[in-house]
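All remarks here apply to the structure that follows.
The basis for the numbers below is simple: all heavy atoms, side chains too, and nothing from hydrogens, waters or symmetry mates. Heads up: numbering here begins at 1 and tracks the sequence.
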Amino acid sequence: MADEKREIERKYESDDSGLPDLTGVGKVATVLDQGVVELDATYYDTADECLARHAITLRRRTGGSDAGWHLKFPVAPDVRDEIHAPLSDTLPRSLAALIRSRVRDAELRPVVRLRSARDLRHLVDADGRLLAEVSVDEVTADRLSGPGEGGKAQWTEIEVELADDVDPAFLDKVEKRLHKAGVRPSASPSKLARALAETAPPEKKREQPKTAAEPETAGDHVLAYVRAQRDAIVELDPAVRRDEYDSVHSMRVATRRMRSAFRSYGKVLDRTVTDPIRDELKWLAGELGVDRDREVLTERITTALGDLPRTLVSGPVRTRLRTWANARRGGSRRRLIGVLDSKRYLTLLDTLDALVADPPLRAAAAGKPEKVIAKVVQKDYATLSILVEQAIELPPGHDRDLALHEARKKAKRTRYAAEAATPALGDPAAALTKSMKSLQNLLGDHQDSVMARQALLELAALAHAAGEGSFTYGLLYGREEQRAAAVEAEVPGFWESAGAGASV
């Protein structure tokens with residue numbers, strides 16, 4: 001079983017490897033010597049160092065209090081999420097799954113061995129509470145494979161790791177004291193990064209990091225947007241597996257953005273190539289949405305139920321709503337993990353990589369973005385205008401509900417097209433993106449009301465079959481009708497004021 005921890009730490013280096021007295025820094029009352037610990041870690045990566053390129057580290061370490069397998073993901077500067085699994089001869093499946101979107105079918109091999117003599121100290125306050133761990137590490141690095149194989153490096157570094165539930169501002173106070181003593185922040189974000197750099201062959205050391213060229217053509221801009229969505233899907237994969245808040249929704253949005261870009265920018269990217277990929281992205285979005293749609297409805301109905309006076313809540317409504325909401329949760333969660341482990345999903349990721357590396361560009365891709373991209377956005381906006389006007393003209397009822405739903409989907413596509421165009425077109429596209437997001441939210445509220453009414457009918461039928469009253473469900477249904485009517489009344493005025501599309 002893997003354990004997770006958020007790690008907040010900073011690394012430093014000093015010419016004389018000295019550690020100043022930290023007593024009195026912030027609330028530090030005592031510095032407790034914990035002795036020297038011998039650590040031996042082997043780091044694993046693919047032949048092309050895929051994990052290292054994305055600041056992900058995977059190691060098997062012996063020695064110390066947390067021997068085992070450690071997988072670390074970057075969160076923010078100085079912040080990483082560490083997943084720990086017990087010591088074993090082979091990589092635990094739980095950790096292998098979390099890097100599958102990066103590694104795919106590539107073989108993991110040992111790349112660096114780091115041996116550290118860690119002189120450990122605890123910074124504690126007057127009550128004996130641990131504030132941070134400070135260590136002086138004497139590090140020896142051996143390059144085991146890849147460029148620089150057989151290379152060695154040695155260095156001394158100081159590491160300060162914040163204890164749980166301590167204000168990160170404490171690290172600033174420690175750093176101030178270290179700075180006064182001539183200790184400076186490390187130039188490397190991690191021991192592994194330093195080991196790879198210092199054991200690299202001379203020609204590798206002379207190479208300058210490649211920087212992405214500024215987008216110039218319409219194709220450059222569209223590809224930059226598509227690449228960002230590909231990266232988001234890959235980066236969100238571990239978070240979805242760990243069931244992190246909003247990760248499923250965020251991945252689903254990335255698939256929608258990419259599908260929208262493929263469809264809107266068909267004059268830039270060949271749709272005979274992208275349409276099959278769109279189909280696969282739609283499949284993935286559908287799998288991701290199994291739980292999400294029900295979660296949204298449950299939250300909406302729960303909120304509406306909470307607004308009712310208690311005297312109008314008849315029967316075990318809350319219990320039935322919870323039962324309905326959780327009916328498929330366990331099974332769908334297992335199904336989603338199965339999807340992320342499937343050959344079909346991994347093939348989709350490979351296909352996206354191939355498309356970004358060798359894009360199916362059409363003639364318009366070479367055109368100026370202010371012409372090609374602007375034309376796409378204007379076309380999407382014009383189509384949306386027709387759909388909104390048609391929906392407004394329809395009488396209330398099923399047909400209008402469907403028309404507003406179609407307008408919502410087109411508003412979303414127009415928003416994403418404008419979003420992709422913003423780096424090229426600037427403020428007008430940004431303004432349209434904001435306007436379309438507001439329209440999408442407004443029409444989304446209407447569609448949620450339609451779906452909530454269907455759910456309430458289902459709940460009422462279940463309650464009736466169980467011999468429970470259905471009064472409250474009917475009351476909530478009526479309130480949803482009123483809410484939808486209010487949105488429908490708001491749409492004409494909103495649309496009249498949202499005429500930003502003509503300025504793109």
Side-chain angles (χ1 to χ4, degrees), residues 7-17 19 36-64 66-75 77-85 87 91 95 98-99 102-103 106-120 133-161 178 183-210:
E7 178 184 82
I8 304 176
E9 67 177 18
R10 296 181 186 178
K11 297 181 183 295
Y12 303 89
E13 52 192 50
S14 171
D15 293 334
D16 60 7
S17 303
L19 182 67
V36 177
V37 179
E38 298 293 335
L39 305 174
D40 191 340
T42 299
Y43 288 76
Y44 291 79
D45 207 336
T46 58
D48 62 352
E49 297 177 7
C50 171
L51 298 180
R53 286 201 312 275
H54 296 95
I56 299 170
T57 59
L58 172 66
R59 73 185 179 205
R60 181 186 185 274
R61 190 169 76 181
T62 58
D66 62 346
W69 288 87
H70 304 150
L71 176 61
K72 298 186 181 186
F73 291 99
V75 176
D78 305 326
V79 183
R80 294 186 294 181
D81 280 343
E82 177 179 301
I83 299 95
H84 174 265
L87 193 63
L91 177 63
L95 299 192
L98 295 176
I99 56 175
R102 297 286 191 193
V103 174
E107 178 186 2
L108 288 168
R109 61 182 184 176
V111 291
V112 167
R113 181 185 183 189
L114 293 180
R115 286 167 289 174
S116 304
R118 169 164 291 182
D119 189 356
L120 185 63
E133 287 188 350
V134 180
S135 64
V136 179
D137 294 346
E138 300 283 348
V139 184
T140 300
D142 294 285
R143 187 62 182 261
L144 303 177
S145 62
E149 182 176 348
K152 293 181 177 292
Q154 290 184 317
W155 70 89
T156 299
E157 72 176 32
I158 296 171
E159 185 176 290
V160 184
E161 181 174 349
L178 294 175
V183 177
R184 59 189 180 277
S186 174
S188 297
S190 68
K191 288 183 176 67
L192 175 62
R194 182 164 184 172
L196 292 174
E198 295 199 8
T199 60
E203 62 272 17
K204 284 287 184 180
K205 292 181 180 180
R206 288 194 297 268
E207 288 181 1
Q208 296 297 319
K210 295 181 180 180

message = Assess the residue pair K11 and D78 against the criterion (side-chain contact (heavy atoms from CB on, under 4.5 Å)); give the C-alpha distance rounded to whole Å, side-chain angles, the decisive distance to 0.1 Å, and a yes or no.
response = CA-CA 9 Å; K11 297 181 183 295; D78 305 326; over 6 Å; no
Evaluation steps, side-chain contact (heavy atoms from CB on, under 4.5 Å), between E161 and I8 = CA-CA 6 Å; E161 181 174 349; I8 304 176; over 6 Å; no
inquiry  = Quick one, L108 with I99, criterion side-chain contact (heavy atoms from CB on, under 4.5 Å). Give me CA distance, side-chain angles, the key distance, then yes/no.
reply    = CA-CA 11 Å; L108 288 168; I99 56 175; 3.8 Å; yes
task = Report the C-alpha separation of E9 and K191 in whole Å, then their side-chain angles, then the decisive distance to 0.1 Å, and conclude whether the salt bridge (charged side-chain N to carboxylate O under 4.0 Å, His left out) test is met.
result = CA-CA 12 Å; E9 67 177 18; K191 288 183 176 67; over 6 Å; no
request  = Take R194 and E13 through the test salt bridge (charged side-chain N to carboxylate O under 4.0 Å, His left out) and record every step on the way to the result.
outcome  = CA-CA 12 Å; R194 182 164 184 172; E13 52 192 50; 3.3 Å; yes
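When side chains are defined from C-beta on, Y44 counts as touching P110, because their heavy atoms get closer than 4.5 Å. The side-chain heavy atoms of L178 and R10, taken from C-beta on, include no pair separated by under 4.5 Å. Between H70 and L58, the closest side-chain pair of non-hydrogen atoms is not below 4.5 Å. Within the 4.5 Å cutoff, side-chain heavy atoms of I158 are placed close to those of V136.
Smallest separation of non-hydrogen atoms from C50 and R102: SG-O, 3.5 Å. Closest approach of P74 and A55 over heavy atoms only: CD-O, 3.3 Å. Closest heavy-atom contact between A153 and E198: CB-OE1, 3.6 Å. Across all their heavy atoms, D45 and A52 have their closest contact at OD2-N, 2.9 Å.
Taken from CZ in F73 to CD1 in I83, the straight-line distance is 5.0 Å, to the nearest 0.5 Å. To the nearest 0.5 Å, the span separating OG on S190 from CZ on R80 amounts to 6.0 Å. L39 CG to R115 CZ: the interatomic distance, rounded to the nearest 0.5 Å, is 12.5 Å. To the nearest 0.5 Å, atom CZ of residue R109 and atom OG of residue S145 are 4.0 Å apart. The NZ atom of K72 sits 14.0 Å away from atom CG of L51, with the distance rounded to the nearest 0.5 Å. Between W69 atom CH2 and L95 atom CG the span is 8.5 Å, to the nearest 0.5 Å.
At distances below 3.5 Å, not a single donor-acceptor pair connects side-chain atoms of S135 with backbone N or O atoms of D137. Although no hydrogens or angles enter the test, the distance criterion places a donor-acceptor pair under 3.5 Å between the side chain of R53 and the main chain of D48. Distance alone, capped at 3.5 Å, places no donor-acceptor pair between the T46 side chain and the V103 backbone.
When each of R113, R61, R60 is checked for a salt bridge (Lys or Arg N to Asp or Glu O under 4.0 Å) with D40, only R113 meets the rule.
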